[in-house]
Amino acid sequence: MYVQPRIILEELVNKFKVVMAKKEMKVEKGVDLQRYMGRWYEIASFPSRFQPKNGANTRATYTLKEDGSVHVLNETFSDGKRGFIEGTAYKADPNSDEAKLKVKFYVPPFLPIIPVVGDYWVLFLDQDYQYALIGQPSRKYLWILSRKPDLDEEIYKELVEKAKEEGYDVSKLQKTPQSDRPEEAEEGPRDTKGFWWIKSILGK
């Protein structure tokens, strides 16, 4: 029986995808949380239902607390309004030196009663703590972060390639609009009622 080369190739590709899905991702070790604190700008990410589709100047600010956990402030600007949500990050395993964190938020922001916990794995971090690749074991979420609103294109491509090597479908990556002078928290009205969150849940 003759088997078409195309069928053989498809089978090999499918087997490769299965292997990659089971492959354990490489995670940074020995990350200095104190150095990691501060503001990070979202350069690109996989689309998320927890963020508005037209969000811009998206960023995260991390602050180390006395108990060793991290206060998380995620912000994005949409239609001239600042949407934000606050949460807490902590090491998944306090006895491990791997940069595997858990992040807990309470939603919706305007009535925080439902806890949502997600994984935050630092897959790559440069030695100067200037840019990072963040993922999750499910490979459904991916972020490229930078200390500055823009990132050198060559570095961006290197991070995309690292994500690809870890089994991510990098075709889903979307760059986040960042202005040269990002808006400050006090500029523009706040979306205190959380309408941005509702719209994102509805896929708008």
Side-chain angles (χ1 to χ4, degrees), residues 25 27-28 31 33 35-63 70-89 99-105 107 109 116 118-126 128-136 138-164 166 168-185 187-188 190-191 194 196-197 199-201 203-204:
M25 286 185 286
V27 179
E28 290 281 1
V31 172
L33 277 183
R35 289 186 66 190
Y36 194 79
M37 296 300 97
R39 177 169 290 178
W40 290 88
Y41 296 94
E42 182 184 280
I43 301 301
S45 68
F46 280 5
S48 167
R49 64 194 181 104
F50 293 105
Q51 291 182 221
K53 289 186 176 181
N54 63 339
N57 294 331
T58 304
R59 63 206 184 190
T61 304
Y62 306 129
T63 306
V70 177
H71 173 261
V72 179
L73 171 63
N74 287 345
E75 302 171 279
T76 191
F77 291 82
S78 175
D79 299 326
K81 293 185 178 181
R82 169 182 171 259
F84 66 96
I85 188 170
E86 295 179 88
T88 301
K100 293 181 178 180
L101 304 177
K102 291 286 187 180
V103 183
K104 179 187 289 186
F105 295 99
V107 295
V116 176
D119 293 289
Y120 184 109
W121 288 12
V122 182
L123 305 182
F124 178 82
L125 176 65
D126 77 297
D128 294 324
Y129 288 60
Q130 294 302 300
Y131 48 89
L133 180 68
I134 309 300
Q136 293 184 319
S138 67
R139 293 182 174 84
K140 293 180 179 180
Y141 300 96
L142 184 70
W143 295 270
I144 292 178
L145 306 179
S146 173
R147 292 293 192 182
K148 298 180 180 180
D150 54 12
L151 183 65
D152 181 83
E153 188 63 23
E154 288 303 314
I155 294 177
Y156 175 79
K157 290 179 180 178
E158 290 176 7
L159 294 176
V160 171
E161 188 60 32
K162 288 182 182 296
K164 188 176 180 181
E166 296 300 334
Y168 282 89
D169 180 1
V170 295
S171 66
K172 297 178 181 179
L173 267 176
Q174 293 184 4
K175 287 193 174 183
T176 304
Q178 293 282 356
S179 62
D180 293 334
R181 295 183 178 179
E183 301 171 84
E184 292 301 322
E187 294 181 3
R190 290 186 177 187
D191 183 6
W196 67 275
W197 189 84
K199 290 192 293 183
S200 64
I201 289 295
K204 297 183 179 180

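Computed over heavy atoms, backbone and side chain alike; hydrogens, waters and symmetry mates excluded.
- Looking at D79, its side chain never comes within 3.5 Å of a backbone N or O of K81 through a donor-acceptor pair.
- Nearest heavy-atom pair across V31 and A99 is CG2-CB, 3.7 Å.
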Taking it one step at a time, do F84 and L73 satisfy side chain to side chain contact (heavy atoms under 4.5 Å, CB included)? CA-CA 7 Å; F84 66 96; L73 171 63; 4.1 Å; yes
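- Looking at K162 and E28, no side-chain N of the basic residue comes within less than 4.0 Å of a carboxylate O on the acidic one, giving no salt bridge.
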Audit row: K102, Y120, side chain to side chain contact (heavy atoms under 4.5 Å, CB included) steps and yes/no: CA-CA 6 Å; K102 291 286 187 180; Y120 184 109; over 6 Å; no
Would E75 and R39 satisfy side chain to side chain contact (heavy atoms under 4.5 Å, CB included), going step by step from the backbone distance to the final call? CA-CA 11 Å; E75 302 171 279; R39 177 169 290 178; 4.1 Å; yes
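- Residue K164 holds its NZ atom at 9.5 Å from OG of S171, rounded to the nearest 0.5 Å.
- For Q178 (side chain) and E42 (main-chain N/O), a donor-acceptor pair under 3.5 Å exists by modelled atom type.
- In this structure a side-chain-to-backbone donor-acceptor pair under 3.5 Å is missing from N54 to S78.
- Looking at every heavy atom in both residues, A163 comes nearest to L133 through N-CD2, 3.8 Å.
- Closest approach of L151 and S146 over heavy atoms only: CD1-OG, 4.0 Å.
- The shortest non-hydrogen separation linking E86 to F105 is O-CD2, 3.4 Å.
- Residues G135 and L142 come closest through the heavy atom pair CA-CD1, 4.3 Å.
- Counting heavy atoms from C-beta on, the side chains of V70 and L101 never come closer than 4.5 Å.
- Using a 4.5 Å heavy-atom cutoff, the side chains of L173 and F46 are in contact.
- Summarising the geometry, atom OH belonging to Y156 is positioned 12.0 Å from atom CD belonging to E161; distances are rounded to the nearest 0.5 Å.
- Using bins of under 30°, 30° to 60° and over 60° for the plane-to-plane angle, the ring pair Y36/Y62 lands in the parallel bin.
- Between P149 and I43, the shortest heavy-atom distance links the atoms O-CD1, 3.5 Å.
- Between the side chain of R139 and the backbone N or O of D169, no donor-acceptor pair lies under 3.5 Å.
- No side-chain heavy atom of R147 sits under 4.5 Å from any side-chain heavy atom of Y41.
- Looking only at side-chain heavy atoms (C-beta outward), T76 and N57 stay at 4.5 Å or farther from each other.
- Between L123 and Y168 the shortest side-chain heavy-atom distance falls below 4.5 Å.
- Side-chain contact between D126 and I155: absent, with no pair of heavy atoms (C-beta onward) separated by less than 4.5 Å.
- Once rounded to the nearest 0.5 Å, the distance linking CD1 of I134 with CG of D119 reads 12.0 Å.
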Using side chain to side chain contact (heavy atoms under 4.5 Å, CB included), reason through F124 and E158 one step at a time and then give a plain yes or no. CA-CA 11 Å; F124 178 82; E158 290 176 7; over 6 Å; no
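- Taken from NZ in K140 to NZ in K172, the straight-line distance is 9.0 Å, to the nearest 0.5 Å.
- Side chain of Q136 to main chain of W121: no donor-acceptor pair is present (N/O by atom type, distance under 3.5 Å, no hydrogens or angles).
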